[in-house]
Amino acid sequence: MVFDHVGKIFPDGTEALADINFTVNPGEFVTVVGPSGCGKSTLLRIASGLDHETSGDCRIDRSNIGYVFQDATLLPWRNVKANVELLAELHGMSATERAELSRPAIELVGLSGFESHYPRQLSGGMRMRVSLARSLVLRPPVFLFDEPFGALDEITRELMNEEALRLFTHEGFAGLFITHSISEAIFMSTTVHVMSARPGKIVASYDIPFEYPRSPDLRFEPEFARLNGELSRALRGAHS
Amino acid sequence: MSDVQPPVVPGEIKKISRPAGSLASRIIPPLVVFVGFMSLWYLYAASLEERERKATLAYPHQVLQDFFGGGPTGDQPGELIKAFGLSAMVALVGLIIAMILGLTFAILMNQAKWIETSFYPYAIFLQTVPILALVPLIGLNIGFGLPSRVLVAVIISLFPIITNTLFGLKSAEKGLHEIFTLHDASRMTRLFKLQIPAALPAMFTGFQISAGLSVIGSIVGGFFFGRGAKGLGNRVQVYANNLRPAELIAAILLSALLGLAFFLFFGWLGKRMTRNWHQPI
Ligand SMILES: Nc1ncnc2c1ncn2[C@@H]1O[C@H](COP(=O)(O)OP(=O)(O)OP(=O)(O)O)[C@@H](O)[C@H]1O
Ligand SMILES: [Mg+2]
């Protein structure tokens, strides 16, 4: 996935992105942090093909992309199993194929036993897991995450981070992750890019040296704290 | 995919709440109103009797007698019940035709903007034309029998079905549409797997409104079109002309009851269809 001098100006004249340059290779987990409204969602929409760049070039194989939205976007009339099977269904798979694909995905996000629950019977965190399982079913080699855990409390968010990271080491996809949370960014990523306020530009990039798999205790390491401080300062700079 | 997550703690599951309120608190207040209303009715009817204007209003118990025929002013026993059945039939057939037409039009309008812009003004016309003014014209053209009564019921109940369904079809969230876009879903897939399910609650709201209207249509139609079997509308007219207030009131009450039954049935059906996901209001 390559962003090559990507820029975006909306028809109303809003300049959301300017000169974005970076690459995400298979096996890399790249995170973009930046202030609210700086164009992070726009970046993912361009990557997915839902929106188009107005300058530069975004090169990516769009044949099979996993995309987890900012909210769970489940079909309220479908239970967990049917929601998880949606994408397989859209690609015309048979019921048995779908069941074979959805079962391990539901298991992987820890929702076994909840297959016949409806979204309104689930907590926010559980709905997000359903959304995650839905994207996993087609085993995409490229994954886009748009602040998927932004609405969760801190502990749930950390648990979900660990879960997502396990999926990453398990599946080895190329991940592009958006977040407001610096510790989330460091914990998950191979690389973190800091974006400036609108129009969004990459103002600083950090390679995160920790090995995978990462233990939850990594968050208490001095090196983690040092990176956290450094990124916080960069982000503070990006706000002004 | 082998490693399995610890199960979710039970506390994470939300209880499905049912609207609370004891039976007594829901039944006693309307009962008090009913008793009060009945008392006023008796008082008023008695005062009319004193002034010897019995022909304008009857006592409630006389009305009750007329439900079963053979009331004080004498009709064939069961006449009113038969008329009730016929009007219900006309309303139901009209409603079903309106549903088929309404859903078809709403879906077509949703599929192509030009269909919507071409037909929507006429849908509004259906809504704004006074049905009473249209009825004679219908009679002149297709006769004064049952088909005309059904047609009146169709015309009066078409609009709410079209507008509510159309609104419902457009109500699916943008994020859900984007998932379908990302996976190259066809028009039909989007319609059947996203838009129609999303439209169900609004669709049933439309059915519910139209169910009440179709009863009105069937009775208004019956009022004018006396050919063939007699419905409630015809009874209303006959009793009014012959100054038979007890039976007139019985006919009015039955008409209202019929509308209410239709209304409640579709409300219940709609709730049932969406009970797993429709947010309690
Ligand atoms: N369709 C649009 N037309 C015009 N402007 C838009 C459109 N979509 C987004 N914008 C603007 O582009 C900017 C970037 O929006 P975007 O949603 O990408 O921000 P974001 O970084 O994801 O914000 P947040 O962190 O709050 O989710 C915002 O200022 C927004 O107002
Ligand atoms: Mg956003």
With a 6.0 Å cut-off (strictly less than), is the heavy-atom count around CD of B/Q111, excluding the residue itself, greater than 12? yes

So do B/L200 and A/W77 actually touch side chain to side chain, heavy atoms under 4.5 Å? no

For B/L176 versus A/T73, what's the shortest heavy-atom pair and its separation? CD2-O, 3.2 Å

Under 4.5 Å from any heavy atom of chain A, what part of B/A198 do you find: side chain, backbone, both or neither? both

Neighbour count >12 (heavy atoms, 6.0 Å) for atom CZ, B/F167: no

So which part of A/R62 gets closer than 4.5 Å to some heavy atom of chain B, the side chain, the backbone, both or neither? neither

Where on A/Q70 is there a heavy atom nearer than 4.5 Å to chain B: the side chain, the backbone, both, or neither? neither

Within the supplied structure, the quantity of interest is the number of heavy atoms (other residues, nucleotides, ligands) at a distance under 6.0 Å from A/Y212 OH; does it exceed 12? yes

In terms of heavy-atom contacts, B/I179 and A/L90 come closest through O-CD1, 4.5 Å

Taken to the nearest 0.5 Å, the spacing of B/H177 NE2 from A/L50 CG works out to 13.0 Å

Any B/E178 side-chain heavy atom under 4.5 Å of A/F69 side chain: yes

Indicate yes or no: at least one non-hydrogen side-chain atom of B/H183 is less than 4.5 angstrom from one of A/L86. no

Any side-chain heavy-atom pair from B/K193 and A/R78 closer than 4.5 angstrom? yes

Looking at B/M89, I want to see if its CE is surrounded by more than 12 non-hydrogen atoms of other residues, nucleotides or ligands under 6.0 Å. no

